[in-house]
Amino acid sequence: QAIAFLGSHPISNRQAGEKSLEGYFREKLIAAKIFENVITGMMCPASSLVALNVMQESGATALMFLATSVTVTDMSDKMLTEVMQLLKGQSSVGGTEHMMVTVWLLLRNPA
């Protein structure tokens, strides 16, 4: 569901630099607790390595996208711990890269 919402987010090439990290729809998704839902989904076990890789990469992409509108103060200690566990537990290079960017985005907006 979260990936479908993100896919419907209008992307504009008119925004450049820091402005490209802002978006009305991202704030609506954050308010709907999609960030937390993606984390929860990524913490669930997968039935196969292929499914795990797909889940991790798509979830990490969603978190990276949403992290542009989340601040560390919006997150509980449990959520922060889970984000770090997801970074550590990635089985794919793409998922690891996206989770690293997610952590960087969260840290660049501490409050």
Side-chain angles (χ1 to χ4, degrees):
Q1 179 184 21
I3 303 300
F5 282 136
L6 295 174
S8 67
H9 177 77
I11 297 175
S12 170
N13 61 356
R14 291 181 225 141
Q15 294 181 327
E18 292 291 313
K19 281 289 186 191
S20 65
L21 299 178
E22 299 171 5
Y24 172 73
F25 289 98
R26 294 174 213 200
E27 293 170 7
K28 289 183 78 165
L29 293 169
I30 298 300
K33 306 287 185 203
I34 298 299
F35 194 85
E36 292 94 324
N37 291 342
V38 172
I39 292 172
T40 301
M42 289 177 71
M43 298 295 283
C44 294
S47 58
S48 70
L49 184 58
V50 172
L52 178 66
N53 286 338
V54 169
M55 188 170 66
Q56 286 183 344
E57 287 196 30
S58 60
T61 302
L63 290 179
M64 179 179 68
F65 179 82
L66 293 171
T68 61
S69 296
V70 175
T71 63
V72 172
T73 55
D74 294 333
M75 301 176 69
S76 67
D77 291 343
K78 180 181 182 241
M79 282 176 51
L80 288 170
T81 300
E82 288 173 343
V83 166
M84 297 311 292
Q85 288 173 343
L86 289 171
L87 172 61
K88 182 180 175 186
Q90 289 295 307
S91 60
S92 70
V93 173
T96 301
E97 290 171 346
H98 288 41
M99 287 305 299
M100 289 171 62
V101 173
T102 298
V103 170
W104 176 80
L105 287 165
L106 292 171
L107 294 175
R108 78 183 263 286
N109 290 325

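Residues take their numbers from the sequence shown, with the count starting at 1.
- Residues Met99 and Val83 form a side-chain contact, since some pair of their non-hydrogen atoms from C-beta on lies under 4.5 Å apart.
- Under the side-chain hydrogen bond (donor to acceptor under 3.5 Å, both in side chains) criterion, Glu36 pairs with no residue, sequence neighbours left out.
- Taken to the nearest 0.5 Å, the CE atom of Met75 stands 4.5 Å off from the CG atom of Leu80.
- Under the 4.5 Å side-chain heavy-atom criterion for grouping Ile, Leu, Val, Met, Phe, Trp and Tyr, Ile39 is connected to Leu107 within one hydrophobic cluster.
- Residues Ile34 and Leu86 are members of one and the same hydrophobic cluster, defined by side-chain heavy-atom contacts under 4.5 angstrom among Ile, Leu, Val, Met, Phe, Trp and Tyr.
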Original post:
Checking side chain to side chain donor-acceptor pair (under 3.5 Å) for the pair Glu27/Ser69: CA distance, chi angles, key distance, verdict?
Top reply: CA-CA 6 Å; Glu27 293 170 7; Ser69 296; 5.2 Å; no

Original post:
Could you go step by step and tell me if Ser92 and Asn53 meet the side chain to side chain donor-acceptor pair (under 3.5 Å) rule?
Top reply: CA-CA 6 Å; Ser92 70; Asn53 286 338; 4.8 Å; no

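- Distance check: Thr68 OG1 to Leu63 CG gives 11.5 Å after rounding to the nearest 0.5 Å.
- Residues Gly95 and Ala60 come closest through the heavy atom pair O-CB, 3.7 Å.
- Atom CE of Met43 has more than 12 neighbouring heavy atoms from other residues, nucleotides or ligands inside a 6.0 Å radius.
- A donor-acceptor pair is defined here as one N or O able to donate and one able to accept, closer than 3.5 Å; no such pair exists between the side chain of Gln56 and the backbone of Thr96.
- In this structure the side chain of Gln90 reaches within 4.5 angstrom of the side chain of Met42, judged on heavy atoms.
- With values rounded to the nearest 0.5 angstrom, Met79 atom CE is found 5.5 Å from Phe35 atom CZ.
- Scanning all heavy atoms of the two residues, the minimum distance from Gly59 to Val38 falls at O-CG1, 3.5 Å.
- The NE2 atom of His98 sits 11.5 Å away from the CG atom of Leu105 when rounded to the nearest 0.5 Å.
- Here the closest non-hydrogen pair linking Met55 and Ala46 is CE-CB, 4.1 Å.
- Taking 4.5 Å as the limit, every side-chain heavy atom of Val101 sits out of range of all side-chain heavy atoms of Glu97.
- Among all heavy-atom pairs drawn from Met100 and Leu87, the shortest one is CG-CD1, 3.6 Å.
- Remark: Lys78 engages Glu82 in a salt bridge (Lys or Arg N to Asp or Glu O under 4.0 Å) (not counting sequence neighbours).
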